[in-house]
Structure formats: C-alpha cells, structure tokens
Amino acid sequence: MSGPMALEPGGTGGDTLSLRLADDRPPARSAPGAGTARDAVDRLAADLAESVGPAVHPYEVAALLESEGLTAEIIQERYGHPNLFSLASALYERVPRTFPEPPEPADPWRPDPVRCGLRGALFALPGLAYLLTGRLWHAEDLDALVAAGLVSWAWGQALGHRAHLRMATGRREAGRTLLKGAPLGALAATAAGAPLAGSVTAVGAAAAQSVYLAAAGVLLVLGGERLLLAALAPLTAGAAALPWWDPGTVPRVALPLLSVLGAAVVAGLALRSTRTASPAPGGARPSPLRSLPYGLFGLSAGVLVLLEGRQHPYAVIALTVSMGPAEWLLYRYRGMSVGALRATATPAAFLLRSTGVLCLCLLLYVLPLLPAALLTGAEPVPLLLLAATLWTALLLQAFGAAWQPALVCLTAACGAAAAIALGLLPGAVALTLACGPACAWLLLRAVRLLGRPAPHA
C-alpha cells in the first residue's frame, strides 16, 4: 500500500489513523523520516520555549501556533503530526512550565525630590525680607511680627489640612475653602500683631507678612510652588545684591512689598483656576474640629522654633531649609514601609524592620543639621532634639494621629517658654529638657503605631 497509510506498522492503516485522530496523540512513526520530524518538533520547541513555557493548557500553545501561521500541510509534512492540537500537545509536553514573577509594583509613595527641595527653599526665602528691612525697625516692632507670625503658622496649618480634606471632593471645593480661610487668616494674624506694634509701620509690616503667609499657604496647597518662586524673585534679587550694593530705604521696602503683591496676585489666579475644575461627587463636609490639632501643632512648632531663633537665628534658617528634605523623607518612610510589609511574613519581623526604617529616616534628617549647628554656633543637642520632635510629629500626623503629637508639642512649647520667660533655665537647657521627653514619647508612639501592618496596608 502506498501513501501515508503505508507508514503505519501493523493493522489496517485507515483504522489506525482514525483512532489517532480521535485521541489527538502524537503519531509514533518508525518509518524513514520519523526522526527528521521529531527533530523538527524539538527545534520548534526550543524556538518557542519562552512563549510555550508559561502556558497552562495545550490550547494556549495551539493558539500560539496558529498565530505563527502554521498550516495543516506544514504540520503534517514537516512535523509529522496530523493536526494543530496534536503538535500543540507535543510542544506542551516537551517544554517545562515556567511562570514569570509578577513585575515589582510601583512605589505609590515615591517622592518628587525637585518639588521637595523647592518647597524647602520657599520656606526659607521669605526670611530674606528681614535682611532687607531689618535696619528700618525698632525693637518693639519685632513683637508684632512674632505674634502675627505665630497666628499665621497656626491658622495656615489648620487651613491647609482642611483644604486637603476638601480636595477629596475636588479642587473646586478646596479652592472655596482656601478662598474663605486665607483672607480670614491674614486678618486674624494682623489683628494679633497690631496691639503689640509700636508704630503704624510695624502694623503695616505685620499685615504684609500675614498676607504673604496666607498667599503662600494657598499656593503650596494647590501645587503652585513655581509661581511662588517667581513672586519671590524681586525679594531674592534685592537680598542677593546686599553684599555689594546698599539699595537705600525705598528699595528695601519696595522689593519685599513687590514680592508680597506678586504672591497675592498669583494666589488669586490659582484660586480662580479652581472655579473651572470639574466638581467631584459631594461628600459630608468635615468638621472644623478635625483640623484643630494641626493648628495647635503649627502654633507649638512656631513657639519652639522662635525660642531657638532668639538665640541662634541662622540655625533656624538651616532648620527651615530642612523642611524640604523632611517632607521627602516622610514619603520615603512610607514607601520603605510598604516594601518592608511585602518582604516580611510575621508581625514581629515587620515590627523590627519598620523600626529600622523609622530610625534610618530620622537619622538621615537630623544628622545633616549637626554641621549646620556647629557652623552657626548653635548648641547641637537642643537643635537636633527640636528637629527630631517636629519630624516625628509630622510623621504621626501623616498617618492620621494628630491630637497626641499636637498636645505633646504644645506641652513642650509651653514648658520651655515658661522656663525661659521666668528665668528658671537658659534657653538651650529649657529646649533640651522640653524636646527630649517629647521626642522620646513621640518615637515610642510611632514605633507602637507604625510597627503594625494595618496603617501601611
């Protein structure tokens, strides 16, 4: 008998072929050419190993072969198999199963170093206004600026938190919150400083400072850091020229006022742009009490920084600039904690790794402040303890634990201020004794709260 059926050993060729087609098993060929067909199948398996390995069923291999353009004639003549599914089954058996690892998930807390660095600079640049205008003030004028600044800090922290809460329902709602709250904050800060002012000029300086801080708060919430940097250009240029040029009284006043006006204008434009934002589904309006602890923290942080600044103003500049890296490290802590959660299998292992991440981030924040303290002549211990206290409190706030950090920092601020005002302790000792226990308590609270997987899930 000639033709394909003549290759069948034993029995009737037609019956054997019918049985083979029914069960789709690869044919057992012993006639000349069978070895060549098996070699061709082996070569095909090697060529398609990467695609065949992850398959979980021969049908997936069949779909792959069909997409490769293999026809029935090629399958029969070159590979010696009666049909597509027979060849697919042979390849599936030859190639070991290989299931690739899923891709590493992206870090949802990856920080933007440029934005964080820019924010740190924006926190410090307004201090250049005091370099330009400092010689125009009287000693009593400082009290008005300090009182207005503390109120602005407290109000700005609370308003920023509330605006971020409203951001969940859209930029339009956040903009409305800022539009109402920022002018009220500027008025409240000016009213707090006015009774302590010794002249109309001091009242004007307190008002300008309050307006700027309100406008800056709006822009920082709405992501307008570059607009704020542009508004500060006149102030920055004037302060940078001071070592070589004395601008005189008018430019010393005009340049900071021009920056205040620019910040107010760009803040107004940013608020106006929120009116065109698409509204999000409405939700319950959050209670103002939710933002109260953030305001108390802003007030206490302002008092602690002020107490340090009374002794070493330049150390406060370093501390202010460090707020940018502090924000970056807060993001890195969250990202590294998520990584620790994925890498550990038991609560005890996660607690250990999470504590290590916390200590690492805290050290990365405070250690660069050590040379800054030495260069500015500040006492290193109170400055580093103050920085550690503020950063740990901000970390707890980022995870929704707001009241306890606010009360701890407020207690430390009141204790240090009372000890210094009553002459009981020198400033450095008072800050050390106030911030040391506060920092230790906050760290223990952070380890206990953030050493559990639930806050990071």
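In this chain, residues are counted from 1 in sequence order. Worth knowing before you read on, the calculation uses all heavy atoms, side chains too, and leaves out hydrogens, waters and symmetry mates.
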**Student:** Leu184 versus Trp155: any side-chain heavy-atom pair under 4.5 Å?
**Tutor:**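 When only atoms from C-beta onward are counted, Trp155 and Leu184 do touch, with a gap below 4.5 Å.
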
**Student:** Between Leu442 and Leu395, is any pair of side-chain heavy atoms under 4.5 Å apart?
**Tutor:**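 The answer is no; the side chains never approach within 4.5 Å.
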
**Student:** So does Leu299 get a backbone contact from the side chain of Gln157, meaning a donor-acceptor N/O pair under 3.5 Å?
**Tutor:**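 No; zero donor-acceptor contacts below 3.5 Å.
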
**Student:** Look at the side chain of Arg334 and the backbone N and O of Ala398, then say whether any donor-acceptor pair between them is shorter than 3.5 Å.
**Tutor:**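 Pair found, side chain donor or acceptor close to backbone of Ala398.
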
**Student:** Do the side chains of Leu44 and Val41 get nearer than 4.5 Å, heavy atoms only?
**Tutor:** no

**Student:** Measure the CD-CZ distance between Glu327 and Phe123 for me, rounded to the nearest 0.5 Å.
**Tutor:**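 Glu327 CD to Phe123 CZ: 6.0 Å, rounded to 0.5 Å.
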
**Student:** Using atom types as modelled and distance alone, determine if a side-chain donor or acceptor of Ser273 lies under 3.5 Å from a backbone N or O of Ala270.
**Tutor:** yes

**Student:** Can you find a pair of side-chain heavy atoms, one from Val447 and one from Leu443, that are under 4.5 Å apart?
**Tutor:** no

**Student:** Counting N and O atoms only, with roles assigned by atom type, does the side chain of Thr346 sit under 3.5 Å from a partner on the main chain of Ala349, one being a donor and the other an acceptor?
**Tutor:** yes

**Student:** Given side-chain contact (heavy atoms from CB on, under 4.5 Å), test Val61 with Leu48 step by step and report yes or no.
**Tutor:** CA-CA 9 Å; Val61 184; Leu48 299 180; over 6 Å; no

**Student:** Minimum heavy-atom separation for Ala49 and Val95, please, with both atom names.
**Tutor:** O-CG1, 3.9 Å

**Student:** Does any donor atom in the side chain of Tyr365 or Ser322 lie under 3.5 Å from an acceptor atom in the other side chain?
**Tutor:** yes

**Student:** Do the side chains of Met167 and Glu173 get nearer than 4.5 Å, heavy atoms only?
**Tutor:** no

**Student:** Look only at the side chain of Gln311 and the backbone of Leu307, and say whether a donor-acceptor pair between them is shorter than 3.5 Å.
**Tutor:** yes

**Student:** Can you confirm if the NZ or CZ of Arg342 lies within 45° of the ring axis of Phe350 and under 6.0 Å from the centre of its six-membered ring?
**Tutor:**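 That pair does not qualify as a cation-pi contact.
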
**Student:** If you look at every heavy atom in Ala182 and Val218, which pair is closest and at what distance?
**Tutor:**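 Looks like CB-CG2, 3.7 Å.
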
**Student:** Can Leu235 and Leu255 be said to form a side-chain contact (heavy atoms from CB on, under 4.5 Å), step by step?
**Tutor:** CA-CA 5 Å; Leu235 172 63; Leu255 291 175; 5.6 Å; no

**Student:** For the pair His57 and Tyr59, evaluate ring-ring contact (aromatic ring centres under 6.0 Å, His included) and give the outcome as yes or no after the intermediate values.
**Tutor:** CA-CA 5 Å; His57 194 276; Tyr59 286 172; 4.5 Å; yes

**Student:** Would you please name every residue forming a side-chain hydrogen bond (donor to acceptor under 3.5 Å, both in side chains) with Thr177, sequence neighbours left out?
**Tutor:**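 Checked Thr177 against side-chain hydrogen bond (donor to acceptor under 3.5 Å, both in side chains); zero matches.
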
**Student:** Please test Leu362 against Val366 for side-chain contact (heavy atoms from CB on, under 4.5 Å), starting from the C-alpha separation and ending with a verdict.
**Tutor:** CA-CA 6 Å; Leu362 183 59; Val366 299; 4.2 Å; yes

**Student:** Using every non-hydrogen atom in the two residues, find where Leu122 and Tyr212 come nearest and quote the distance to one decimal.
**Tutor:** O-OH, 4.3 Å

**Student:** Answer whether the closest heavy-atom distance between the side chains of Leu178 and Arg162 falls below 4.5 Å.
**Tutor:** no

**Student:** Does the Ser86 side chain pair with the main chain of His81, one donor and one acceptor, at a distance under 3.5 Å?
**Tutor:**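 Checked: no pair found.
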
**Student:** With no hydrogens and no angle check, is any side-chain donor or acceptor of Ser354 less than 3.5 Å from a backbone partner on Leu450?
**Tutor:** yes

**Student:** Around Arg94, counting heavy atoms of other residues, nucleotides and ligands shown, do more than 12 lie under 6.0 Å from its CZ?
**Tutor:**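 Yes, because the 6.0 Å sphere around CZ of Arg94 holds more than 12 heavy atoms from other groups.
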
**Student:** Out of curiosity, Leu374 CG to Leu369 CG, how far, rounded to the nearest 0.5 Å?
**Tutor:** 11.0 Å

**Student:** How far apart are the closest heavy atoms of Gly181 and Leu159, and which atoms are they?
**Tutor:**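 For Gly181 and Leu159, the tightest heavy-atom pair comes out as C-CD2, 3.6 Å.
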
**Student:** Supply the atom-to-atom distance Arg332 CZ to Cys361 SG, rounded to the nearest 0.5 angstrom.
**Tutor:**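 Going from the CZ atom of Arg332 to the SG atom of Cys361 covers 7.5 Å.
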
**Student:** Taking atom CD1 of Ile75 and atom CD of Glu66, what is their separation to the nearest 0.5 Å?
**Tutor:** 9.0 Å

**Student:** Mark yes or no for whether Thr169, through its side chain, and Arg166, through its backbone, hold a donor-acceptor pair below 3.5 Å.
**Tutor:** yes

**Student:** Below 4.5 Å, heavy atoms only, C-beta onward: do Arg452 and Pro347 meet side chain to side chain?
**Tutor:**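 In short, these two side chains do not touch, never coming nearer than 4.5 Å.
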
**Student:** If I compare all heavy atoms of Ala215 with all of Ala263, which pair ends up nearest, and what's the gap?
**Tutor:**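 That closest heavy-atom pairing would be CB-O, 3.6 Å.
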
**Student:** Carefully, step by step, assess Val408 and Thr411 under the rule side-chain contact (heavy atoms from CB on, under 4.5 Å).
**Tutor:** CA-CA 5 Å; Val408 169; Thr411 302; 5.8 Å; no

**Student:** Drop me the distance from Leu213's CG to Ser152's OG, to the nearest 0.5 angstrom.
**Tutor:**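 Answer for the CG-OG pair, Leu213 versus Ser152, is 4.5 Å.
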
**Student:** Identify each donor-acceptor pair in which a side-chain atom of residues 380-392 lies under 3.5 Å from a protein atom, sequence neighbours left out, and give them as a table.
**Tutor:**
unit_1	atom_1	unit_2	atom_2	d
Thr389	OG1	Leu385	O	2.8
Thr389	OG1	Cys435	O	3.3
Trp391	NE1	Ala326	O	3.3
Thr392	OG1	Ala388	O	2.7

**Student:** Is there a side-chain contact between Leu433 and Leu425 (heavy atoms, below 4.5 Å)?
**Tutor:**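 Yes; the side chains approach each other to less than 4.5 Å.
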
**Student:** Counting N and O atoms only, with roles assigned by atom type, does the side chain of Glu60 sit under 3.5 Å from a partner on the main chain of Val56, one being a donor and the other an acceptor?
**Tutor:**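 Answer holds: yes.
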
**Student:** Whether the side chain of Tyr294 engages the backbone of Trp403 through a donor-acceptor N/O pair (distance < 3.5 Å, no angle test) should be reported.
**Tutor:** no

**Student:** Around Tyr314, counting heavy atoms of other residues, nucleotides and ligands shown, do more than 12 lie under 6.0 Å from its OH?
**Tutor:**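 Not more than 12 within 6.0 Å, no.
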
**Student:** Let me have the donor-acceptor pairs involving side chains of residues 219-233, under 3.5 Å, with sequence neighbours excluded, atom names and distances please.
**Tutor:**
unit_1	atom_1	unit_2	atom_2	d
Glu225	OE2	Arg115	NE	3.2
Glu225	OE2	Arg115	NH2	3.0
Glu225	OE2	Arg119	NH1	2.8

**Student:** For Leu87 and Leu70, work out which heavy atoms get closest and say how close.
**Tutor:** CD2-CD1, 4.1 Å

**Student:** To the nearest 0.5 Å, how far apart are OH in Tyr79 and CG in Asp42?
**Tutor:** 11.0 Å

